[in-house]
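The block underneath contains the structure these notes are about, expressed in structure tokens.
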2 protein chains.
Amino acid sequence: MSNKRTKNQEQILKLINNNSEEMSAQNLHFQIQQHGLRIGLATVYRTLKLLKIEGEIQERVTPDGESFYSTINSVYHHYHHLNCVNCGKSYPMNICPLSQKITDWCHSQKFKVYYHTLEFFGLCAACQDQDIASECLSAN
Amino acid sequence: MSNKRTKNQEQILKLINNNSEEMSAQNLHFQIQQHGLRIGLATVYRTLKLLKIEGEIQERVTPDGESFYSTINSVYHHYHHLNCVNCGKSYPMNICPLSQKITDWCHSQKFKVYYHTLEFFGLCAACQDQDIASECLSAN
DNA sequence: CTGAAAGTGATAATCATTCTCATAATACAG
DNA sequence: CTGTATTATGAGAATGATTATCACTTTCAG
Ligand SMILES: [Mn+2]
Ligand SMILES: [Mn+2]
Ligand SMILES: [Zn+2]
Ligand SMILES: [Zn+2]
């Protein structure tokens, strides 16, 4: 029963809570070193997994497979995005179209909801005006 | 202007459309070989990127960073999930709580919506009864 | 035809994440 | 307090999906 957090784990959580932007594991590890702390990359990943299970932080996986983490508690960080499948840009939305009802329903299913992700995919205005397909594979 | 699709591209799209389950790029490549076809893995990835931009297929990125692809058109495949952050299991939901209004709003933003993803994260019933934190890192 | 442009596949390279394992810190029974 | 079992840690290797290379083939407009 490891109910108590390690000093390392506390510092990582603190760093996430105090940061206004979502951060990747690599980025977190880098910032930790900047602060003069010595926490191994493996420990960062282990702690992220732990905090995720404890419901302290949320994870967003980008289309290129990298994970970004941020605190769950702050409403400030509850953002959804319009993601362009062409240029890859993400445009944050300032609304959450989910009613409380649906979250209640999830709980009624015996599922304990920590957080949700909602992402839209399509073409941004700029990319709608281009000949997309031709540029898509132009690099090769 | 590559408006016309290649024979390879057509076969890959056909394979996705005819399959009832979402498939990874690796899986697609394997099945292609099973069918006696000779399409390189690189071409599979290139075609997936192309079809994605054309709005023919949708992509779902799992928490471990692997991408799965499926046809957009079939309502049959429009699923959202309850994802357990502990055991990793995904429980499909049979409803979509998004109103048409929100999609309309996205369009009013000059963003052309192809599809959306909506995922809930938390603990499934089985995992709520365990001492999670202790098992989380037990493997190491 | 003909040559430029686009498509292809084998292979190497990338890189975030996970695994290994020896060591350090901690918890706890006696 | 003291020895011992358990858990945490970090350096580095391994993993594996995805991407980049590059020589070669196909397509097609003129
Ligand atoms: Mn929301
Ligand atoms: Mn939906
Ligand atoms: Zn775009
Ligand atoms: Zn579970």
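Below, all heavy atoms of this structure are taken into account, side chains as well, without hydrogens, waters or symmetry copies. No experiment lies behind these values; they were computed from the predicted model shown.
The side chain of A:Ala42 lies closest to D:dA11 when the candidates are D:dA11, C:dT17, C:dT8. Across C:dT17, D:dA17, C:dT8, the shortest atom-to-atom separation from the side chain of B:Gln26 is found for D:dA17. Checking D:dA17, C:dT8, C:dT17 against the side-chain heavy atoms of B:Glu66 singles out D:dA17 as nearest. Among C:dT17, D:dA17, D:dT9, the nucleotide with an atom closest to any side-chain atom of A:Thr43 is D:dT9.
The minimum heavy-atom distance linking A:His116 with B:Phe120 is given by the pair CB-CD2, 3.6 Å.
We find that CG of B:Leu41 is positioned 9 Å from P of D:dT18, with the value rounded to whole Å. In this entry the distance linking CD of B:Glu59 with P of D:dA17 reads 15 Å, nearest Å. Counting to the nearest Å, the P atom of D:dC22 and the CZ atom of B:Arg46 are 14 Å from each other. Rounding to whole angstrom units, CD of residue B:Gln11 and P of C:dT8 are separated by 11 Å. As a whole-Å value, the separation of B:Asp64 CG from C:dC15 C1' is 16 Å. B:Lys49 places its NZ atom 16 Å from the P atom of C:dA6, with the value rounded to the nearest Å. In this entry the distance linking CG of B:Leu28 with P of D:dT18 reads 11 Å, nearest Å. If you take NE2 of B:His29 and P of C:dT8, they are 13 Å apart, rounded to a whole angstrom.
Within the 6.0 Å centre-distance limit, the rings of B:Phe121 and A:Tyr115 are counted as a close aromatic pair.
A salt bridge links A:Glu56 to A:Arg5: one of the charged nitrogens lies within less than 4.0 Å of a carboxylate oxygen.
Using a 4.0 Å heavy-atom criterion, one finds that A:Ser67 contacts the sugar-phosphate atoms exclusively. A:Asn8 comes within 4.0 angstrom of sugar-phosphate atoms only, judged by non-hydrogen atoms across all strands, and of no base.
For A:Ser24, no side-chain nitrogen or oxygen approaches OP1 or OP2 of C:dA16 to under 4.0 Å. Considering only side-chain N and O atoms, B:Tyr45 lies nowhere under 4.0 angstrom from the phosphate OP1 or OP2 of D:dT19.
You won't find any donor-acceptor pair under 3.5 Å spanning the side chain of B:Arg5 and the base of C:dG7, going by distance alone.
Membership of the apolar cluster around A:Val61 extends to B:Val61, as traced through chained side-chain contacts below 4.5 Å between ILVMFWY residues.
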Check: Given the rule in the side-chain hydrogen bond (donor to acceptor under 3.5 Å, both in side chains) test, do B:Gln26 and B:Tyr45 qualify, once you have shown the distances and angles that lead to the verdict?
Finding: CA-CA 9 Å; B:Gln26 302 284 341; B:Tyr45 277 103; 3.2 Å; yes
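For the pair A:Phe68 and B:Thr6, both in contact range of DNA chain C, the more 5′-proximal nearest nucleotide belongs to B:Thr6.
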